[in-house]
Amino acid sequence: MNVLEDAHRATAPDHARHPTAAIGHRLRQPLSAAAWPAAVAAAALLLPLFTSPYWIQVLTAAAVFSVAALGLSVLYGRVGLISLGQIAMLAVGGWTAQRLGQTGALPFWLVVLATGVVTGLIGIVIGLPALRLSGLYLALITLMLAAAVTIVLTNTNFPNGGPGFLGYDPVKSGTVPLARPAVAAGDTAYFRYTVVVCALMFLLAIAHTRGRPGRAWAAIRQSEHAAVAAGINVTLYKLWAFALACFMTGVAGALLAASAGGLTVYQFPPQESITLLAALLMAGMYHFAGAVVAGLMLKAMPALLDTWGVSGNVLLIVFGVGLVQTLVTSPEGIAGQMSRDLARLGARVGMRRTTS
């Protein structure tokens with residue numbers, strides 16, 4: 001992991017290695033970052049018209065995992081903190097939402113919000129080791145946390161309406177999904193509901209990175225000692241980053257809890273966090289659009305291979321080759337490459353119009 005971090009940092013684009021200099025440029029283009037979530041949301045609202053119910057469920061899961069990737073993009077891409085516990089936090093969010101929802105006293109939107117607050121507070125606790133650890137050591141701590149969450153869930157399981165604090169009744173079989181809101185009872189309506197909430201999470205992340213937290217995170221990533229010398233409260237902003245990432249991931253977990261089929265322990269293996277990191281590196285760690293691509297890679301690609309009758313193990317090979325290719329030739333990932341290609345295409349079209 002340390003070698004991977006060093007290689008990726010060495011081949012990172014200029015705005016990632018010197019993020020402070022890039023903030024002014026991005027602030028001069030406020031619509032460009034917000035255009036990606038808006039375009040994705042607009043396309044997603046039309047997708048159910050052309051897809052089957054199976055693919056609607058797959059795309060719902062892809063939207064949820066894009067928010068989990070977004071949290072990792074904030075932590076690593078903006079602050080330089082490697083966390084391998086995002087999938088575990090997704091499971092904690094799902095557990096919390098199910099337990100809150102089964103009381104029947106809270107509306108769905110409040111369950112989602114309360115879940116985000118709970119996981120955000122947990123994120124602050126997780127962020128405490130980040131005040132003294134970084135790099136490989138922080139990655140190992142968060143990976144151990146993910147393994148611990150998996151062990152606890154294996155022994156307690158997700159709530160299914162049983163008594164007590166855990167809410168699990170071993171007599172009942174199967175899973176019990178979180179009750180959906182009345183406006184999103186069907187799979188298509190819930191997919192659109194999920195996309196809207198996920199788009200709000202992206203806008204929340206964009207608002208943070210374009211404000212004071214984003215400037216502080218950029219300074220911390222470039223040089224923590226220089227940030228302290230500049231008067232930046234490193235402790236506050238590191239914990240803030242963990243709280244924001246875990247809040248968004250908790251919201252995503254709550255949305256996943258209401259998806260078709262409910263939640264099982266086998267959906268959240270600890271190694272999935274490593275796969276999430278690899279997918280985000282390929283998709284574009286330093287671009288929030290890369291989180292959307294990472295969500296599609298994690299959920300849509302396996303479904304596509306399954307449709308073609310190809311073993312899912314092929315995906316690990318594809319990820320391995322893609323990760324090497326990203327480190328060597330395209331450090332900005334798919335999202336960064338697409339942005340550059342579209343900019344070049346637009347420039348060429350503009351030149352042709354002026355010459356004609």
Side-chain angles (χ1 to χ4, degrees), residues 35-73 86-87 90-91 93-94 97 108-109 112 175 177-178 180-181 183-205 248-264 266-268 272 275-276 278-280 282-284 287-310 312 314-315 318-319 322 333-335 338:
W36 276 102
V40 171
L45 294 177
L46 298 175
L47 279 176
L49 302 177
F50 309 98
T51 55
S52 64
Y54 168 74
W55 278 101
I56 290 176
Q57 295 178 13
V58 170
L59 292 174
T60 301
V64 168
F65 273 76
S66 70
V67 175
L70 175 65
L72 183 57
S73 178
Q86 289 301 103
I87 299 299
L90 196 66
F108 184 82
W109 67 269
V112 173
T175 58
L178 178 66
R180 297 175 179 178
V183 296
D187 287 344
T188 299
Y190 187 69
F191 167 69
R192 289 171 172 160
Y193 187 99
T194 299
V195 167
V196 171
V197 176
C198 291
L200 291 176
M201 294 299 102
F202 273 83
L203 292 176
L204 177 64
M248 296 187 298
T249 306
V251 168
L255 295 173
L256 190 63
S259 59
L263 300 178
T264 64
Y266 306 104
Q267 290 177 259
F268 308 99
E272 189 74 6
T275 307
L276 176 66
L280 187 58
M282 286 185 288
H287 300 265
F288 285 157
V292 178
V293 178
L296 292 172
M297 292 173 66
L298 286 171
K299 291 301 170 182
M301 284 184 64
L304 192 62
L305 291 176
D306 186 64
T307 302
W308 292 342
V310 180
V314 175
L315 192 61
V318 173
F319 276 15
I334 296 173
M338 287 179 60

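Because the structure is predicted, anything quoted here is derived from the model rather than measured.
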Engineer: What are the two closest non-hydrogen atoms of Leu70 and Phe202, and how far apart are they?
Structural biologist: CD2-CA, 3.8 Å
Engineer: Let me see the working for Leu304 and Trp55 under side-chain contact (heavy atoms from CB on, under 4.5 Å), right down to the final yes or no.
Structural biologist: CA-CA 10 Å; Leu304 192 62; Trp55 278 101; 4.1 Å; yes
Engineer: Closest approach of Leu296 and Ala62, non-hydrogen atoms and distance?
Structural biologist: CD2-CB, 4.0 Å
Engineer: What's the shortest heavy-atom distance between Ala294 and Ala283, and which atoms?
Structural biologist: N-CB, 3.6 Å
Engineer: Counting C-beta onward and ignoring hydrogens, is there a side-chain heavy-atom pair between Leu255 and Cys198 closer than 4.5 Å?
Structural biologist: yes
Engineer: Sequence neighbours left out, what passes ring-ring contact (aromatic ring centres under 6.0 Å, His included) with Tyr190? Give chain and number order.
Structural biologist: none
Engineer: Would you say the side chain of Phe191 lies within less than 4.5 Å of the side chain of Thr51, judging by non-hydrogen atoms?
Structural biologist: no
Engineer: State, with a plain yes or no, whether a side-chain heavy atom of Ile87 is found less than 4.5 Å away from one of Thr249.
Structural biologist: no
Engineer: So do the side chains of Thr60 and Tyr193 get within less than 4.5 Å of each other, counting heavy atoms only?
Structural biologist: no
Engineer: If every non-hydrogen atom of Thr188 is compared with every non-hydrogen atom of Pro48, which pair is closest and at what distance?
Structural biologist: CG2-CB, 3.5 Å
Engineer: If you define the side chain from C-beta out and look only at heavy atoms, does anything of Leu276 sit under 4.5 Å from Leu72?
Structural biologist: yes
Engineer: Indicate the atoms forming the closest heavy-atom contact of Ala205 with Met248, along with that distance.
Structural biologist: CB-SD, 4.1 Å
Engineer: For Thr194 and Ala63, which heavy atoms make the closest approach, and how far apart are they?
Structural biologist: CG2-CB, 4.2 Å
Engineer: Measure the shortest side-chain to side-chain distance between Leu90 and Gln267 over non-hydrogen atoms and say whether it is less than 4.5 angstrom.
Structural biologist: no
